[in-house]
Amino acid sequence: MRWIKRRKKPKAYILVQTRTGTLRARQFLTSVSHHSDEEIDPEGTGFAGYRARPVTGKQARRAKHRIGMAGLAIACVFGALGVRLAHVSFYDHQPAIRRAGLEVKAGQRPEITDREGVLLATNLPTIALEVSGKEIWDAGETVTALARIVEGIEPARLERKLRRGLNVEVRTDLSPAEQADVFALGLPGVHFSRRDMRFYPQGGLAPHLVGYLEKGPARFGEGGIMGLERVLDKTEQSRPLAASIDLRVQQVLEDVLAERMAEFDAEAAWGGIMDVATGEIIAMASFPEFDVNAPLATATAARRNRFTYDRYDLGSAFKVITAASILETGLASETTPYDARGGFRVPGFTVTDYHPQNRILTLSEVVQYSSNIGVARMAATMGPALQREYLSRLGFFAPLPIELAENRTPDLPKKWGPVEAATVSYGHGIAVTPLHLLAGFAATVNDGVYRVPTVLKSMERLGQDRVSEQVFSTQTTTTVRRILRRTILSGTAKKAEVPGYYPIGKTATADKPGRGGYLKNARISTFVGAFPGYAPRYAVLVSLDNPQPTADTFGYATAGWTAAPAFHDVVARAAPILNVPTVGDDVALPQFLVPFGGPRLAQSDGRDENADSVGALPLGSPRLRASERGRPSAVVRVP
């Protein structure tokens, strides 16, 4: 009938608890379930369950919104799963990472090579032996059988683990023959799995540069502890990483340092060779060394890179930088006199010389005879401000922006007054890394450009720009090369001479610092130089930590007797490898008189017409090679 009002259909239902305590509830539940009250509520708690109650209005709208949100969330989850399923099903998942046109398999660490492509680090596929303690029948029998074939097993320890039901990785580098023998045993619970292990073919050669991994598996971008292995992690390099070193020259440097370290019973040694035109490190070494295939088998101190990380007072090598700085300012020339008699008084103490000349020396002779007094007077003429400026431009005030993490800021004086200016001028009171000194020295003998060193063959591989700054003029560096050539011929570094290469350089013997000051009878002997001296291509630094005197050195352990001969050996053996030819005086001497890279002087009588005869010394080889004997050769003398 039309006048009968129909009940409005509810928009939603809610669940409510139903109790059997009321008569209406009991009647309802027994009618819908066909069970008695005792069957519905056997424990007599009065609670029977839930029933749906229709609702409308605000409660209905709220319930509808919640249901809609839940449905939307479910739809999003299933939609994402569908997209992922399609991606996995249809996308080409070749295990490769493509960068710069090269491919490296995903999970595989890039190789490291030297500048000529010789492998320094690579991934070696190996076979791992695993034993499941839950699958074996007899732990003792299994261990005894494996120990007869596989080396390096600790039977008692392995058996304890297997009896506890553990899964044990016995070896990660089984040979194919060992795998075949173990497989032939037919033991239950013994499994083989493929692994990629990091392997260093050169072993203990250049370990501080190459670095090593903390874990065995060679996975991409994980585990580099130091050196170039850590560089790979930081840069996510995907192509083979080419180091700047030449492995042949590296071998020469390490052999020489090891020989001299043993000869003089030194506590440590370090050294490096740098291309002065590019900043590339051709070789670098730090002793004691370690084997990168077993890094934890040596003491922690052996894994410290002394060449790039440790700071030292490196002594008189700073006299070269002081001399170049004052020459550049125009406050002095090659023949400017300095009084080296007695001492030079600064507030608090008097600067003296180790081997005093007790006479007035030219600037050239101050460096040549390593006079502390003379170079302290140079620093006083310049003043602390100019001294700081040149040292800063040569990179001595900040960590070197090289790729290696093993790098430190030099330890500078807290204040910089006349006293600090005097001591810093001859390398005391300022502690720098050997690489800082090598890079700064290179700028004083090449074309005057300071170049930041790099341990990579090409920095463009990592998208970095090469950093350089013109610090000295070519006229200044030409003068410095003449001075350093005299230092070898008639100064403190006679044992560094290598005929045919006209090397240049400076000795540096510094007191070794300790607690509360400098140690007595302990020293760091350093020689820093370059070859060929007339047009330097490579700068070399070698140091011995606390070398001891021998009978052959007549009781001396200074740099002229210890480090200078090491430099000689390095140049004599490395120069032919680096394709640096020997030349005669006719080729070398004119280039000591003109700016680096400038036109060669024509030879007439072999003398510089502008040279001052006072203090003039020959720059050529002290003796002719056999092929040159009997042939006239011009001798050029300069101030």
Side-chain angles (χ1 to χ4, degrees), residues 109-124 173 197-216 218 222-234 237 240-262 266-274 280-310 400 402-408 433-435 438 453-457 541-545 566 570 574:
R109 197 174 185 83
E111 294 176 337
I112 301 175
T113 70
D114 81 335
R115 65 186 303 107
E116 302 297 333
V118 180
L119 276 178
L120 300 176
T122 188
N123 301 314
L124 183 66
D173 56 349
M197 301 297 295
R198 197 63 164 174
F199 178 65
Y200 304 96
Q202 310 306 326
L205 197 60
H208 298 91
L209 174 64
V210 177
Y212 61 96
L213 298 184
E214 182 177 17
K215 298 180 181 180
E222 177 183 341
I225 296 299
M226 60 181 291
L228 294 179
E229 287 286 22
R230 188 168 181 179
V231 172
L232 284 176
D233 294 346
K234 292 167 58 180
Q237 180 79 1
L241 189 64
S244 60
I245 67 168
D246 185 315
L247 206 60
R248 301 167 300 172
V249 181
Q250 178 73 27
Q251 183 72 69
V252 168
L253 179 63
E254 293 190 18
D255 287 348
V256 171
L257 287 177
E259 292 166 4
R260 294 297 175 175
M261 185 176 169
E267 298 175 8
W270 54 85
I273 302 175
M274 176 179 171
E280 292 174 302
I281 301 300
I282 305 302
M284 58 176 282
S286 176
F287 282 83
E289 288 189 313
F290 66 98
D291 188 340
V292 283
N293 287 309
L296 302 183
T298 54
T300 303
R303 301 195 295 275
R304 193 173 76 238
N305 191 339
R306 301 169 188 267
F307 181 68
T308 65
Y309 183 75
D310 283 13
L400 290 171
I402 60 174
E403 299 79 9
L404 300 182
E406 297 77 45
N407 191 14
R408 290 175 86 182
T433 70
L435 185 56
L438 182 63
T454 174
V455 295
L456 298 180
K457 183 179 179 181
L541 181 145
V542 289
S543 290
L544 296 173
D545 184 358
V570 170

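Here, residue 1 is the first one in the sequence, and each next residue gets the next number.
With contacts defined as side-chain heavy-atom distances shorter than 4.5 Å, the pair Leu213/Tyr200 qualifies. By the 4.5 Å heavy-atom criterion applied to side chains, Trp270 and Leu541 are counted as neighbours. Using a 4.5 Å cut-off on side-chain heavy atoms (C-beta onward), Leu253 and Ile282 make no contact. Counting only heavy atoms from C-beta outward, the side chains of Val252 and Asp255 never approach each other to under 4.5 Å. Arg306 has its side chain within reach of Pro288: a pair of non-hydrogen atoms, C-beta onward, lies under 4.5 Å apart.
A distance-only check finds a donor-acceptor pair linking the side chain of Gln250 to the backbone of Met284 [under 3.5 Å]. Judged purely by atom type and a 3.5 angstrom limit, Asn123 uses its side chain to pair as donor or acceptor with the backbone of Arg109. Of the possible polar contacts, one joining the Gln202 side chain to the Leu119 backbone as a donor-acceptor pair under 3.5 Å is found.
Between the CG atom of Leu241 and the CG atom of Leu456 there is a distance of 5.5 Å, given to the nearest 0.5 Å. A distance of 13.0 Å separates CE in Met197 from OG1 in Thr122, rounded to the nearest 0.5 Å. Atom CD of Glu403 sits about 3.5 Å away from atom OG1 of Thr454, to the nearest 0.5 Å. To the nearest 0.5 Å, atoms CD (Glu406) and NE2 (His208) are separated by 9.0 Å. In this structure, CZ in Arg115 is found 10.0 Å from CD1 in Ile245, a value given to the nearest 0.5 Å. The line from OG1 of Thr433 to CD1 of Ile402 is 7.5 Å long, rounded to the nearest 0.5 Å.
Tyr212 and Val292 get closest at one heavy-atom pair: CB-O, 4.0 Å. When every heavy atom of Arg304 is checked against every heavy atom of Ser286, the shortest pair comes out as O-OG, 3.4 Å.
Around atom CZ of Arg303, more than 12 heavy atoms belonging to other residues, nucleotides or ligands sit under 6.0 Å away.
Tested against Leu209, the residues Asp114, Ile112, Leu404 include a single side chain to side chain contact (heavy atoms under 4.5 Å, CB included) partner, Leu404.
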- Message: Is there a side-chain contact (heavy atoms from CB on, under 4.5 Å) between Arg230 and Ile225? Walk through the geometry before answering.
- Response: CA-CA 6 Å; Arg230 188 168 181 179; Ile225 296 299; over 6 Å; no
